[in-house]
Novice: 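Just dropping this structure here.
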Amino acid sequence: MKAKKIADTIEFLKRKLIRYRNLIIYKNINQYIPKEYGDKTKLLEYQKSRVTGPEPCVCHAPSRSLYIDMQGKFTACCFNRVYVFGRYPENNLQDIISGEKRKFLQKELCRSNFMYGCQHCHRLIESGNFEGTEARLYDTLQKQDIFPSEIIFELDNTCNLSCLMCHEGFSSSIARKKGVEIIKTNYDDNFFEQLKKLIPYLKVAKFLGGEPFLIQVYYRIWDLIIEINPKCKIILQTNGTIFNEKIRNYLLKGNFYIGVSIDSLNKEKFETIRVGADFEIVLKNLEEFKKISRKKNNYMNISVCPMLQNIYEIPKIIEFCNKNGFFVYFNTVYTKGFAINDAEEEHLSNIIKFLKSTKITGKSYIAKRNLKFYYDLIRNIENIYKQKENLSRPYKRNLRICKKEFYQILSLKAKEIQNIELDYDLFADLPDEFYISEKDKERLFALNPRDLADVLSKESKYEIRSRLMNFIEKGDFSKNEI
């Protein structure tokens with residue numbers, strides 16, 4: 001344990017030195033960002049927020065990491081599934097890691113070009129959610145020529161849950177319910193022989209699912225890592241429903257770092273979201289994971305999916321993590337009906353007010369780090385709110401106009417054609433003042449004088465008044481504009 005603490009301290013000091021160096025070398029990081037990037041404000045803020053300080057390459061995933069999916073595709077990370085380096089078994093692993101596609105994507109990211117499948121991180125940066133930006137996870141990974149320091153495995157979707165915000169691609173249970181067959185690559189003996197050549201260089205190996213503890217191929221990979229490179233960090237994300245002696249033995253043998261998915265601390269809501277899970281069992285297993293992690297002096301994290309269904313519970317989850325010494329991590333949910341982005345403006349405003357008004361306690365390093373993630377989540381929601389507000393602003397009825405002004409505008413238009421005098425009596429029953437939107441105002445001033453003259457000459461006073469009242473109430477002179 002003492003040796004590990006010394007190693008962690010040395011690693012921490014190295015990062016501090018790298019940051020200090022980068023802050024000096026890349027003091028004017030702006031000059032490394034191409035002019036065609038556009039507004040650089042958020043990107044420059046993100047650059048300053050990086051653990052290792054600013055540097056031209058906005059992300060190092062292509063050169064330092066490798067993601068392998070269920071269909072045998074190799075990409076830079078689990079969020080970029082578009083720009084494919086190669087595919088197994090058509091390509092062997094050595095050719096994939098030494099290929100030109102890896103080099104090209106890294107080159108583009110060193111030009112702050114996110115267009116080759118990296119839009120997810122670009123959106124997070126532009127929203128101000130710096131702590132949740134995946135790209136920063138690769139800043140501290142070691143550069144090792146062509147050999148990746150990290151491999152992310154997502155080789156199977158076997159899962160015992162049918163979470164509401166999930167889909168058949170990540171859950172075999174959902175796939176079965178939908179009658180969907182997921183085509184999977186056969187990771188055969190040849191794959192493992194090739195993988196053996198990469199394992200000695202690994203600093204980190206991540207395992208996603210499905211549920212990792214139910215995916216048999218992962219046990220085979222863990223055996224190889226424990227045998228060949230026991231110091232390698234084995235990071236996995238579990239739904240917390242599975243724990244037995246076999247799992248205990250693996251966790252004790254390997255250098256495991258456990259992440260547990262928890263979206264609510266309310267039993268009913270938790271089990272509604274995580275369909276098929278038992279809240280008490282998850283909490284019981286969480287304690288087992290906690291004990292083993294403490295014994296090995298390894299950190300744990302709680303992964304949360306902030307959604308419309310649980311957004312008001314986020315502070316309680318943060319407090320829970322602070323109390324238990326768990327790091328918190330927020331996933332981005334895109335599923336319609338669950339995504340924060342689906343909320344109406346007023347709802348978003350209420351969410352922001354609630355989150356900002358809730359005090360989070362804790363003074364430890366973990367608590368402070370969790371608070372940063374919490375504030376980034378709020379900033380992300382604020383950005384969504386601002387975008388919606390900008391889109392809706394032209395339609396908000398907040399421009400006050402009086403009856404006399406309304407009359408004068410229409411009167412001037414009527415005079416443009418045949419010098420028609422508009423009868424003020426038509427406006428007698430209208431409100432003395434009312435509110436219209438920017439779009440209503442545009443529509444009013446864009447009104448065709450000929451169409452207005454035609455209505456005035458053909459329709460009764462009652463019909464004309466109805467049209468005027470319709471504009472006041474709806475911003476439209478009629479179902480068929482004048």
Side-chain angles (χ1 to χ4, degrees), residues 57 59-111 113-121 134-135 137-138 141-158 168-170 172 175 181-210 212 215-225 227-229 232-236:
C57 288
C59 177
H60 293 288
S63 60
R64 301 178 184 181
S65 182
L66 206 59
Y67 164 75
I68 312 174
D69 78 359
M70 301 172 201
Q71 283 78 43
K73 290 188 295 184
F74 286 67
T75 60
C77 77
C78 60
F79 286 103
N80 185 344
R81 299 166 189 253
V82 178
Y83 193 79
V84 181
F85 299 151
R87 188 188 296 265
Y88 183 84
E90 289 88 341
N91 310 111
N92 66 59
L93 274 60
Q94 189 65 32
D95 288 342
I96 290 170
I97 66 171
S98 59
E100 290 302 314
K101 285 196 167 185
R102 278 187 83 199
K103 297 173 186 175
F104 174 80
L105 183 58
Q106 187 61 77
K107 181 180 177 183
E108 290 304 307
L109 287 171
C110 287
R111 295 177 57 248
N113 182 3
F114 296 87
M115 295 308 293
Y116 292 90
C118 298
Q119 290 86 350
H120 173 79
C121 282
E134 182 83 1
L137 299 179
Y138 307 101
L141 281 178
Q142 188 175 329
K143 177 75 170 72
Q144 304 179 130
D145 191 28
I146 64 169
F147 291 100
S149 293
E150 171 190 85
I151 296 181
I152 305 165
F153 298 92
E154 195 167 49
L155 309 185
D156 196 300
N157 73 334
T158 299
E168 62 273 15
F170 296 131
S172 58
E181 182 182 355
I182 305 296
I183 301 173
K184 300 174 183 177
T185 295
N186 177 23
Y187 288 103
D188 53 17
D189 291 341
N190 185 39
F191 171 79
F192 289 101
E193 283 302 314
Q194 294 182 39
L195 187 61
K196 283 181 182 180
K197 297 176 182 177
L198 305 187
I199 288 176
Y201 299 92
L202 289 183
K203 308 300 179 188
V204 179
K206 292 182 180 178
F207 295 84
L208 310 177
I215 298 172
Q216 296 309 307
V217 70
Y218 286 172
Y219 289 91
R220 186 171 178 181
I221 298 173
W222 297 338
D223 285 335
L224 289 175
I225 293 173
E227 178 189 349
I228 300 171
N229 185 3
C232 172
K233 285 185 180 180
I234 302 173
I235 300 175
L236 64 84

Novice: So which heavy atom on Lys143 is nearest to which on Asp145, and how close?
Specialist: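 Between these two residues, the closest heavy atoms are NZ-O, 2.9 Å.
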Novice: Between atom CD of Gln106 and atom SG of Cys59, what is the distance when rounded to the nearest 0.5 Å?
Specialist: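 SG of Cys59 is found 7.0 Å from CD of Gln106.
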Novice: Which atom names give the shortest non-hydrogen contact between Gln71 and Tyr187, and what distance separates them?
Specialist: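 Closest pair (atom of Gln71, atom of Tyr187, distance): C-OH, 4.5 Å.
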Novice: Are Asn157 and Met70 packed together at the side-chain level, in the sense that at least one heavy-atom pair is separated by less than 4.5 angstrom?
Specialist: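 With C-beta onward as the side chain, the pair touches.
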Novice: Any idea how Tyr218 and Trp222 line up, ring-wise: parallel (<30°), tilted (30 to 60°), or perpendicular (>60°)?
Specialist: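 Aromatic pair Tyr218/Trp222 classed tilted.
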Novice: Would you say Tyr138 and Glu150 make side-chain contact, with heavy atoms under 4.5 Å?
Specialist: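 In contact.
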Novice: How many angstroms lie between atom CG of Leu93 and atom CZ of Phe85, to the nearest 0.5 angstrom?
Specialist: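 Spacing of CG (Leu93) from CZ (Phe85) equals 13.0 Å.
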Novice: Name the orientation class of the two ring planes belonging to Phe153 and Phe207 (parallel below 30°, tilted from 30 to 60°, perpendicular beyond 60°).
Specialist: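 Parallel, since the angle between the ring planes stays under 30°.
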Novice: Drop me the distance from Ile96's CD1 to Ile146's CD1, to the nearest 0.5 angstrom.
Specialist: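 Between atom CD1 of Ile96 and atom CD1 of Ile146 there are 11.5 Å.
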Novice: Looking at OG of Ser65 and CD1 of Ile151, how far apart are the two atoms once the value is rounded to the nearest 0.5 Å?
Specialist: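 If we round to the nearest 0.5 Å, Ser65:OG and Ile151:CD1 are 8.0 Å apart.
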Novice: Can you confirm whether Ile228 sits close enough to Lys196 that some side-chain heavy atom of one is under 4.5 Å from a side-chain heavy atom of the other?
Specialist: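 Yes. Closest side-chain heavy atoms under 4.5 Å.
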Novice: How about Asp223 and Phe192: do any of their side-chain heavy atoms sit closer than 4.5 Å?
Specialist: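 No; the side chains remain at least 4.5 Å from each other.
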Novice: With no hydrogens and no angle check, is any side-chain donor or acceptor of Arg64 less than 3.5 Å from a backbone partner on Gln142?
Specialist: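 Pair absent, no side-chain N/O of Arg64 close to backbone of Gln142.
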Novice: May I ask you to say whether Arg220 pairs ionically with Asp189, meaning some side-chain N is under 4.0 Å from a carboxylate O?
Specialist: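 Looking at Arg220 and Asp189, the cut-off is met.
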Novice: Any idea which heavy atoms bring Phe147 and Leu198 closest together, and the distance?
Specialist: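 That would be CD2-CD2, 3.9 Å.
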Novice: Do any N or O atoms from the side chain of Asn229 and from the backbone of Leu202 form a donor-acceptor pair under 3.5 angstrom?
Specialist: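 Yes, Asn229 side chain to Leu202 backbone: donor-acceptor pair under 3.5 Å.
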Novice: How many angstroms lie between atom CG of Asn80 and atom OH of Tyr67, to the nearest 0.5 angstrom?
Specialist: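 Output value for this atom pair is 10.5 Å.
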Novice: Report yes if the side chains of Asn190 and Pro89 come closer than 4.5 Å at any heavy-atom pair, otherwise no.
Specialist: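 No - every pair of side-chain heavy atoms lies 4.5 Å or more apart.
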Novice: Step through the shown structure and confirm whether more than 12 heavy atoms of other residues, nucleotides or ligands are within 6.0 Å of OH on Tyr201.
Specialist: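 Incorrect, the count does not exceed 12.
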Novice: Can you tell me if Asn91 uses its side chain to pair, donor with acceptor, with the backbone of Arg87 under 3.5 Å?
Specialist: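 Yes: the side chain of Asn91 pairs with the backbone of Arg87.
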Novice: Kindly indicate whether the side chain of Pro62, heavy atoms from C-beta on, has any atom under 4.5 Å from the side chain of Glu108.
Specialist: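 Sidechains of Glu108 and Pro62: no contact.
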Novice: Quick one: pull up CG in Leu224 and CD1 in Ile199 and give me the separation to the nearest 0.5 Å.
Specialist: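 Interatomic distance, Leu224 CG to Ile199 CD1, rounded to 0.5 Å: 4.5 Å.
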Novice: I want to check something: taking the side chain as every heavy atom from C-beta on, are Asp69 and Thr75 in contact at a cut-off of under 4.5 Å?
Specialist: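 No. Closest side-chain heavy atoms not under 4.5 Å.
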Novice: Of all the heavy-atom pairs spanning Val82 and Gly117, show the shortest one and how long it is.
Specialist: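 That closest heavy-atom pairing would be CB-CA, 4.2 Å.
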Novice: Given Ile215, which of Ile221, Leu236, Thr158 fulfils the side-chain contact (heavy atoms from CB on, under 4.5 Å) condition?
Specialist: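 When Ile221, Leu236, Thr158 are each tested with Ile215, the side-chain contact (heavy atoms from CB on, under 4.5 Å) holds only for Thr158.
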Novice: Please report the shortest heavy-atom distance between Leu109 and Cys118, naming the atom on each side.
Specialist: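 So the two residues come closest at CD2-SG, 4.0 Å.
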Novice: What is the minimum heavy-atom distance between Arg102 and Ser63, and which atoms define it?
Specialist: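 Of all heavy-atom pairs spanning Arg102 and Ser63, the closest is NH2-O, 3.1 Å.
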